[in-house]
Asker: 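A single structure is presented below for examination.
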Amino acid sequence: MDQELTASVRTRFAPSPTGMMHVGNLRTALYAYLLAKSKGGSFILRIEDTDRTRMVDQAVEVIYKTLDAAGLKHDEGPDVGGPCGPYVQSERQAAGIYMKYAKMLVEKGAAYYCFCDKADPLEESHEPEEASFSAGYNGHCRNLPQEEVSANLAAGKPFVIRQKINREGSTTYQDAVFGEITIKNDVLDDQILIKRDGFPTYNFANVVDDHLMGITHVVRGAEYLSSTPKYNMLYEAFGWTIPVYVHLPLIMGRDAEGNVAKLSKRHGSVSFENLCAEGYLPEAIVNYIALLGWNPKNEREIFSLPELVEAFNISGLNKASAIFDYEKLAWLNGEYIRKMTPAQLGVLIAPYTHLQGTRFEPVMEQLAALLQPRLSKLSEAGEKLAFLLQCPDYGPDLFFNKKNKVNAESSREILSIMIPRLSELKVWNAATINDAITACASERSCKYLSVMLPLLFAVSGLKATPGGASDLMALLGREESLARLETALAKLS
RNA sequence: GUCUCCAUCGUCUAGAGGCCUAGGACACCAGGUUCUCAUCCUGGUAACAUGGGUUCGAAUCCCAUUGGAGAUGCCA
């Protein structure tokens, strides 16, 4: 029971290659990783491709890429090898591993061959063969005479292998997060271990592989809480040690109507790749999901992966499910963006700016510096910088700011004064431009903003911009800036 | 339907009987700094689902109710 005494912790992440990586799955991987690493143990990757109908091309690559981007380096797995291979269940199936153990179970009387057809009316029947069958399969083949089984097998009749559940009493187990869980055995059904196609089900492959791979802590979603007794019966039938269970609270999403449900597509981007494509940084995503269901027992919120490893503890795991909050993710992402250097940010925003190949590409770092405090995700860089290439269309009403007494009339006046002055500047940079603005304001005994705002509006065509008038004019250059000021003056006259 | 689990601000959470007139963060609101906007700084609004117990004392323990989620697949 005392995990501290466990010689070497081994956890695994066992995804199915069915497409993109859901953040819920990624969080499971993260916690499995953190648990192992915080104890100096091993983190194993196992591919669970036993459902051939759900296989998606390239999905295994997606898994590798995602784990890599998230920084969750596995110690053993299909691509890096290890002592417990193969790490792909279809390969293990081909090696006959699951069938071997299933037959062992049949011999022990803990499983049986079932010849019922998928659509067999007997299976559909609500009249169970045994009175105690309250759920699932009706038990038709549960006690088939040995001769009949042999005859069917000899005749090559298709079969599945089912677990023979002892329906008496109840099963109690200890979960590291949820504590003691007790389930009445009569609600457990004779689940299928080996499918008609010879592949194992998750329920069986998991137990066999977790044991064979020496997994000490099974980290998985809370949806397995009620089926865990079935796994324990398997472990017991084999005489294997039951691992420590670490069931995780589910991650929920809120849809447009405000209903809470398991996080899914309709709640927005929920795959790691989509989130990244939208401009959330992998480090921020990892940091955010780490806090969804776990807390460090203090008020700290920003953690790098190594810091998470350092701080992680099972006791910080929560029981209640959590709702994925894009706003908080965005805030955290902004924090990460602000921590970078402008040069680093420049590289990251470049693809989003539509400025590559333009005269602005060489000043990407400057642009990044301006954007840095204004970005919550990289994808926002595009819209925020669009005005550089083309000044948005606007009307005279853009020139209005009550507090600083800016209106169309005052703006026309300011522009007509400032255009000649600016065009006479010997040196065109933010400092000289700013000096010109300051000088004008002091001459007129008016506020700096009364002069600056009309210029800002004229040069950007926007009410809110990622920089002040002098910054933007410096970026746009003398020619373009003056042209925009002239255009504005014309519109106001 | 049956079974299991869960339940503190709108959201993520702290809280393991007195430290709680319940703390932090996001969001929101107000003020300040600022070359607009943003960043940054200050402050504010906002929660123990309900009802019973147990106890000198309960957000914390027990029971019930209600609400939510999950399971009930030859999916994982």
Side-chain angles (χ1 to χ4, degrees), chain A residues 14-16 18 25 48-51 53-54 114 116-118 123 134-137 158-162 175 177-179 181-184 186-189 191-203 205-206 220-229 247 249-250 252 254 258-262 288 291-302 315-316 318-332 334 338 370-376 384 401 404 406 430 433-434 437-438 448-449 451-453 455-457 460 462-472:
Chain A
S16 292
T18 55
N25 271 120
E48 308 223 329
D49 58 346
T50 57
D51 185 351
T53 62
R54 296 208 308 160
C114 172
C116 293
D117 195 78
K118 270 189 201 180
E123 192 170 2
S134 62
Y137 178 61
F159 66 87
V160 300
I161 295 179
R162 286 180 184 275
D175 181 84
V177 175
F178 289 87
I181 307 281
T182 300
I183 310 266
K184 288 197 212 70
D186 63 359
V187 303
L188 271 21
D189 73 319
Q191 66 177 350
I192 288 176
L193 270 19
I194 299 288
K195 296 184 270 193
R196 188 167 300 245
D197 63 6
F199 275 78
T201 57
Y202 161 87
N203 303 309
N206 234 260
R220 52 154 72 131
E223 64 264 33
Y224 295 105
L225 231 28
S226 51
S227 45
T228 295
H247 285 101
L250 268 16
M252 314 294 282
R254 176 165 280 152
N259 298 314
V260 172
K262 214 170 174 177
Y288 176 67
L291 264 13
L292 269 188
W294 173 82
N295 80 83
K297 302 286 181 188
N298 58 41
E299 286 167 359
R300 182 170 175 190
E301 303 217 76
I302 312 280
S315 69
N318 229 67
K319 292 181 191 173
S321 53
I323 297 175
F324 192 92
D325 182 8
Y326 290 92
E327 288 190 328
K328 186 141 188 180
L329 204 214
W331 164 75
L332 200 52
R338 271 162 241 138
L370 287 179
L371 248 27
Q372 199 152 19
R374 294 169 239 258
L375 244 36
S376 64
K384 291 206 190 298
N401 182 288
N404 295 292
V406 173
I433 297 166
N434 204 42
I437 295 173
T438 308
Y448 174 90
L449 289 181
V451 179
M452 182 280 217
L453 287 175
L455 297 171
L456 182 66
F457 296 152
S460 69
L462 299 169
K463 243 348 188 205
T465 68
S470 27
D471 285 334
L472 298 194

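Per chain, numbering begins at 1; letters A, B, ... match sequence-line order.
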Asker: At less than 3.5 Å, do the side-chain atoms of A:Tyr224 and the base atoms of B:A71 form a donor-acceptor pair?
Answerer: no
Asker: Could you let me know what B:C3 is paired to, Watson-Crick or G-U wobble, both distances under 3.5 Å, or none if it's on its own?
Answerer: B:G70
Asker: Round to a whole Å and report the spacing from CG of A:Asn404 to C1' of B:U36.
Answerer: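 In whole Å, B:U36 C1' lies 9 Å from A:Asn404 CG.
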Asker: Could you tell me the Watson-Crick or G-U partner of B:C35, where both distances fall under 3.5 Å? Say none if there is no partner.
Answerer: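 Because no pair has both required distances under 3.5 Å, B:C35 counts as unpaired.
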Asker: So, does A:Lys297 get its side chain near the phosphate of B:A16, meaning an N or O under 4.0 Å from OP1 or OP2?
Answerer: no
Asker: Should B:C28 form a Watson-Crick or G-U wobble pair with both distances under 3.5 Å, which nucleotide is its partner?
Answerer: B:G44
Asker: Which value, in whole Å, describes the distance between the C1' atoms of nucleotides B:A47 and B:A22?
Answerer: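 So the two C1' atoms sit 9 Å from each other.
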Asker: Considering only B:U39, B:C75, B:G24, which nucleotide approaches the side chain of A:Asp51 most closely?
Answerer: B:C75
Asker: For the backbone of A:Leu449 and the side chain of A:Asn404, can you confirm whether one donor and one acceptor N or O come within less than 3.5 Å of each other?
Answerer: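 No, A:Asn404 side chain to A:Leu449 backbone: no donor-acceptor pair under 3.5 Å.
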Asker: Within the structure, does a side-chain N or O atom of A:Lys328 lie under 4.0 Å from either OP1 or OP2 of B:U13?
Answerer: no
Asker: So A:Ser460, base contact, sugar-phosphate only, or nothing? Heavy-atom distance under 4.0 Å.
Answerer: nothing
Asker: Quick one: look up who B:C9 pairs with, Watson-Crick or G-U, both distances under 3.5 Å, and put none if it's unpaired.
Answerer: none
Asker: Could you state the atom-to-atom distance from CH2 of A:Trp331 to P of B:A38 in whole Å?
Answerer: 18 Å
Asker: Of A:Pro200 and A:Ile181, whose closest RNA chain B nucleotide lies nearer the 5' terminus?
Answerer: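 Comparing both residues, the 5'-ward one is A:Ile181.
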Asker: Categorize A:Gly467 for me: base, sugar-phosphate, or nothing, with a 4.0 angstrom heavy-atom threshold over every strand shown.
Answerer: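 If one applies the 4.0 Å heavy-atom cut-off, A:Gly467 turns out to touch a base.
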Asker: Below 4.0 angstrom from OP1 or OP2 of B:A14, is there any side-chain N or O of A:Asn295?
Answerer: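 A:Asn295 to B:A14 OP1/OP2: side-chain N or O found under 4.0 Å.
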Asker: At under 4.0 Å between heavy atoms, what does A:Leu456 touch on the DNA or RNA strands: base, sugar-phosphate, or nothing?
Answerer: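 The answer is base, as A:Leu456 lies within the cut-off (heavy atoms under 4.0 Å) of a base atom.
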Asker: Under 4.0 Å between any heavy atoms, over every strand shown, what does A:Thr465 touch: base, sugar-phosphate, or nothing? Just pick one.
Answerer: base
Asker: Look at A:Thr53 and B:C75 and indicate whether a side-chain polar atom (N or O) is within less than 4.0 Å of OP1 or OP2.
Answerer: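 False: A:Thr53 side-chain N/O out of range (4.0 Å or more) of B:C75 OP1/OP2.
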Asker: Is there a side-chain polar atom (N or O) of A:Lys319 under 4.0 Å from OP1 or OP2 of B:A16?
Answerer: no
Asker: Is any N or O donor-acceptor pair between the side chain of A:Ser470 and the base of B:C35 shorter than 3.5 Å?
Answerer: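 Check passes, donor-acceptor contact within cut-off.
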Asker: Is the phosphate of B:A7 approached by A:Asn318 (side-chain N or O, under 4.0 Å from OP1 or OP2)?
Answerer: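 A:Asn318 to B:A7 OP1/OP2: no side-chain N or O under 4.0 Å.
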Asker: Taking any strand in view, what nucleotide pairs with B:U54 in a Watson-Crick or G-U wobble way, both distances under 3.5 Å?
Answerer: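 WC or wobble partner does not exist here.
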Asker: Base, sugar-phosphate, or nothing: which does A:Ala320 touch, judged by heavy atoms less than 4.0 Å apart?
Answerer: sugar-phosphate
Asker: A:Pro466 near the nucleic acid: base, sugar-phosphate alone, or nothing, with a heavy-atom cut-off under 4.0 Å?
Answerer: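 Counting heavy atoms under 4.0 Å across all strands, the contact made by A:Pro466 includes a base.
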Asker: Counting distance only, does the side-chain N/O of A:Tyr288 pair as donor-acceptor with the main-chain N or O of A:Ala330 below 3.5 Å?
Answerer: no
Asker: So does A:Thr18 get a backbone contact from the side chain of A:Ser16, meaning a donor-acceptor N/O pair under 3.5 Å?
Answerer: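 Side chain of A:Ser16 to backbone of A:Thr18, a donor-acceptor pair under 3.5 Å: no, none is there.
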Asker: Please report the distance, rounded to the nearest Å, between CG in A:Asp471 and P in B:U36.
Answerer: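 Checked: the CG to P distance equals 11 Å.
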Asker: A:Asn206 or A:Leu453: which one's nearest nucleotide on RNA chain B is closer to the 5' end?
Answerer: A:Leu453
Asker: Would you mind pulling out the nucleotide paired to B:U60, Watson-Crick or G-U wobble, both distances under 3.5 Å?
Answerer: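 The answer is none; no pair meets the criterion.
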Asker: Give A:Ile437 one of three labels, base, sugar-phosphate or nothing, depending on what nucleic acid heavy atoms sit under 4.0 Å from its own.
Answerer: nothing
Asker: In whole Å, I'd like the distance from the CG atom of A:Leu332 to the C1' atom of B:C26.
Answerer: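 After rounding, the gap between these two atoms is 10 Å.
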Asker: Would you tabulate the pairs of protein nitrogen or oxygen atoms and nucleotide nitrogen or oxygen atoms of nucleotides 61-69 of chain B closer than 3.5 angstrom?
Answerer:
unit_1, atom_1, unit_2, atom_2, d
B:A69, OP1, A:Val260, O, 3.2

Asker: Where the side chain of A:Pro373 is defined as all heavy atoms beyond and including C-beta, which of B:C74, B:A38, B:A76 is the nearest nucleotide?
Answerer: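 Comparing B:C74, B:A38, B:A76 against the side chain of A:Pro373, the answer is B:A38.
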Asker: Can a donor-acceptor pair be found, under 3.5 Å and without considering hydrogens, that links the side chain of A:Arg300 to the backbone of A:Ile302?
Answerer: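 Between the backbone of A:Ile302 and the side chain of A:Arg300 there is a qualifying donor-acceptor contact (under 3.5 Å).
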Asker: Side chain of A:Ala469 only, please: which of B:A71, B:A76, B:C35 is the nearest?
Answerer: B:C35
Asker: Could you work out the separation of B:U13 and B:A7 based on their P atoms and round it to a whole Å?
Answerer: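 Straight-line distance between the two P atoms is 11 Å.
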Asker: Under the criterion side chain to side chain donor-acceptor pair (under 3.5 Å), I'd like the reasoning laid out for A:Asn203 against A:Tyr224: C-alpha separation, chi angles, the key distance, then a yes or no.
Answerer: CA-CA 10 Å; A:Asn203 303 309; A:Tyr224 295 105; over 6 Å; no
Asker: With a 3.5 Å distance limit and no angle check, can you tell me whether A:Ser376 reaches the backbone of A:Trp331 through a side-chain donor-acceptor pair?
Answerer: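 Between the backbone of A:Trp331 and the side chain of A:Ser376 there is no qualifying donor-acceptor contact (under 3.5 Å).
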Asker: Counting Watson-Crick and G-U wobble pairs only, both distances under 3.5 Å, name the nucleotide matched with B:A49, or none.
Answerer: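 Partner of B:A49: B:U65.
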Asker: Applying the Watson-Crick and G-U wobble criteria at under 3.5 Å, what pairs with B:A14? Answer none if nothing qualifies.
Answerer: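 Pairing partner, where one exists within any strand: none, as none qualifies.
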Asker: Out of B:C75, B:G73, B:C12, which nucleotide sits closest to the side chain of A:Ile323?
Answerer: B:C12
